[in-house]
Amino acid sequence: MTLGATEASPPDGGLPAEHIAETAEAKQIEGRSLGQIAWARLRKDKIALISAIIIVLIILIAICAPLIVKISGFPPDQPNFKDSHGNDLLDNSLGGIPAGGLFGSGMSTEHWLGVEPQNGRDVFARLVYGARSSLLVALGGTIVAVVLGTVIGMVAGYFRGWVDAVISRLMDILLSFPTLLFILALTPVIADRAQDTFGIPDNNSLRLGVLIFVLGFFGWAYLARIVRGQTLSIREREFIDAARSLGAGPGYVIFKQILPNLIPTLLVYATLIIPTYITAEAALSFLGVGVKEPTSSWGLMISDASNWYEGNPLYLAFPGAMLFITVLAFNLLGDSVRDALDPRAGRS
């Protein structure tokens, strides 16, 4: 007696339902790439999510600075001496300090974070625009350092021989420089030379460009040494030998085979170097070789606040808090990205 298929045949070719479920789950696990595994780990990391949200908000503030300032109604470089009702914002009898507000900061419904002494510029507007300068220099310098360090490091590690020797000695020379002193000395010199040679006006756009170039130039050697070491290891792998045996040239092997395997390292380095450049820009502006008036910068605001913070600590607290929160968020996110991309960090 032959039973009908509907009565005797189990579903899916005779395989038990439990086996089918286990096979589907195994296929799903096996199909996960390193990026998917890292993303799964990051989604479970509350510190990483909070840090990412803070970073996104700060970036949005920098991008939308003109719109935000338009809503507040006070440009960052505009002096304000009277409010909309005609009342004085500054007390000239006391040296031009703000009249009223918390700790005498001039805070009001019009000036949300108060006004600066002597000139009455809106602190909130300058704080918002300061995010633009800090993030622009940090992101620009990071891009320059990552591009130079990645390309030069891969070339040194792949070709080896005299190419590797020359590039390695160059990296050693750059790493031996006192970076801060050279940046302090070179930034105004390069800006002045560009102004004289190419007729470029000495404005803050030029200074921002010089800062990006100088920070990136002195920062690529650190990454290049890391990339070189990893390239030396990757070039000995079987898939590299297979690509070369099929006729692939150095350019294809470097950028199509080696570079994708360096992406995790580059991501971690970028997230960790951005806060370093944010603080570097603030320090340079504080020392007078970075952004200058009337363009706003957190470092410049801290420099100005050094003249007033004894009477009102809020002038130092606002830019200092923004700088601290931004750098901390990038550092925490960088640590989380490093742990998520590390296969030894634990199972997701």
Side-chain angles (χ1 to χ4, degrees), residues 48-72 75-77 113 122-149 180 183 187 191 203-220 223 266-287 289-305 317-337:
L49 292 178
I50 294 173
S51 301
I53 291 172
I54 293 174
I55 291 171
V56 169
L57 288 176
I58 294 174
I59 292 175
L60 288 177
I61 288 174
I63 294 174
C64 302
L67 178 61
I68 296 173
V69 169
K70 186 176 182 180
I71 294 174
S72 68
D77 55 348
L113 299 181
D122 187 79
V123 174
F124 174 77
R126 293 187 63 77
L127 199 66
V128 169
Y129 265 86
R132 277 193 153 190
S133 301
S134 299
L135 290 180
L136 180 61
V137 171
L139 294 176
T142 299
I143 291 173
V144 173
V146 169
V147 171
L148 289 177
L180 180 59
I183 292 176
T187 301
N203 52 29
N204 280 302
S205 297
L206 173 61
R207 288 190 170 270
L208 288 174
V210 171
L211 284 176
I212 290 172
F213 169 76
V214 173
L215 289 175
F217 177 77
F218 282 101
W220 68 264
L223 178 61
L266 301 180
L267 286 176
V268 173
Y269 181 84
T271 53
L272 293 177
I273 200 64
I274 287 174
T276 302
Y277 285 166
I278 291 176
T279 54
E281 183 278 327
L284 293 172
S285 296
F286 179 85
L287 295 173
V289 298
V291 177
K292 292 189 176 182
E293 300 285 358
T295 301
S296 179
S297 165
W298 292 339
L300 194 59
M301 292 182 68
I302 293 174
S303 177
D304 293 338
F318 289 135
M322 288 296 296
L323 188 62
F324 172 79
I325 291 172
T326 304
V327 171
L328 180 62
F330 272 108
N331 279 328
L332 292 177
L333 181 61
D335 290 338
S336 298
V337 171

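Computation of the quantities below employed the complete heavy-atom set of this structure, encompassing side-chain atoms and omitting hydrogens, waters and symmetry-equivalent molecules. Numbering of residues begins at 1 and proceeds along the displayed sequence.
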Across all chains, not counting sequence neighbours, the side chain to side chain contact (heavy atoms under 4.5 Å, CB included) partners of Ser336 are Leu42, Asp45, Ala48
Measure the spacing between CG of Leu208 and CD1 of Ile212 and express it to the nearest 0.5 Å. 6.5 Å
Please tabulate, one pair per line, all N/O donor-acceptor pairs under 3.5 Å involving side-chain atoms of residues 133-140, not counting sequence neighbours.
| residue | atom | partner | partner atom | Å |
| --- | --- | --- | --- | --- |
| Ser133 | OG | Ser296 | O | 2.8 |
| Ser134 | OG | Gly130 | O | 3.3 |
| Ser134 | OG | Glu281 | OE1 | 3.1 |

Keeping Trp220 on the side-chain end and Val146 on the backbone end, is there a donor-acceptor pair under 3.5 Å? no
Interatomic distance, Phe217 atom CZ to Leu148 atom CG [nearest 0.5 angstrom]: 8.5 Å
Tell me which one of Ile183, Val144, Val289 satisfies side-chain contact (heavy atoms from CB on, under 4.5 Å) with Val214. Ile183
Assess whether side-chain contact (heavy atoms from CB on, under 4.5 Å) is satisfied between Asp335 and Leu272, documenting all intermediate values. CA-CA 8 Å; Asp335 290 338; Leu272 293 177; 4.0 Å; yes
Any side-chain heavy atom of Val128 sitting closer than 4.5 Å to one from Pro76? no
Just wondering, do Thr295 and Arg132 contact through their side chains at under 4.5 Å, heavy atoms? no
Taking atom OG1 of Thr271 and atom CD1 of Ile55, what is their separation to the nearest 0.5 Å? 8.5 Å
Value for CG (Leu215) from OH (Tyr277), rounded to nearest 0.5 Å, stands at 6.0 Å
For residues 323-331, tabulate all N or O donor-acceptor pairs below 3.5 Å that involve a side-chain atom, not counting sequence neighbours.
| residue | atom | partner | partner atom | Å |
| --- | --- | --- | --- | --- |
| Thr326 | OG1 | Met322 | O | 2.7 |
| Asn331 | ND2 | Val327 | O | 3.3 |

Closest non-hydrogen atom pair, Val291 against Ser285: N-OG, 3.2 Å
Could you tell me whether the side chain of Asp77 reaches within less than 4.5 Å of the side chain of Tyr129, counting heavy atoms only? no
Smallest heavy-atom separation, Pro75 atom then Ala125 atom, equals C-CB, 4.1 Å
Let me confirm one number: the CD1-CG distance from Ile273 to Leu266, rounded to the nearest 0.5 Å. 12.5 Å
In Å and rounded to the nearest 0.5 Å, what is the CG to CG distance from Leu333 to Leu49? 9.5 Å
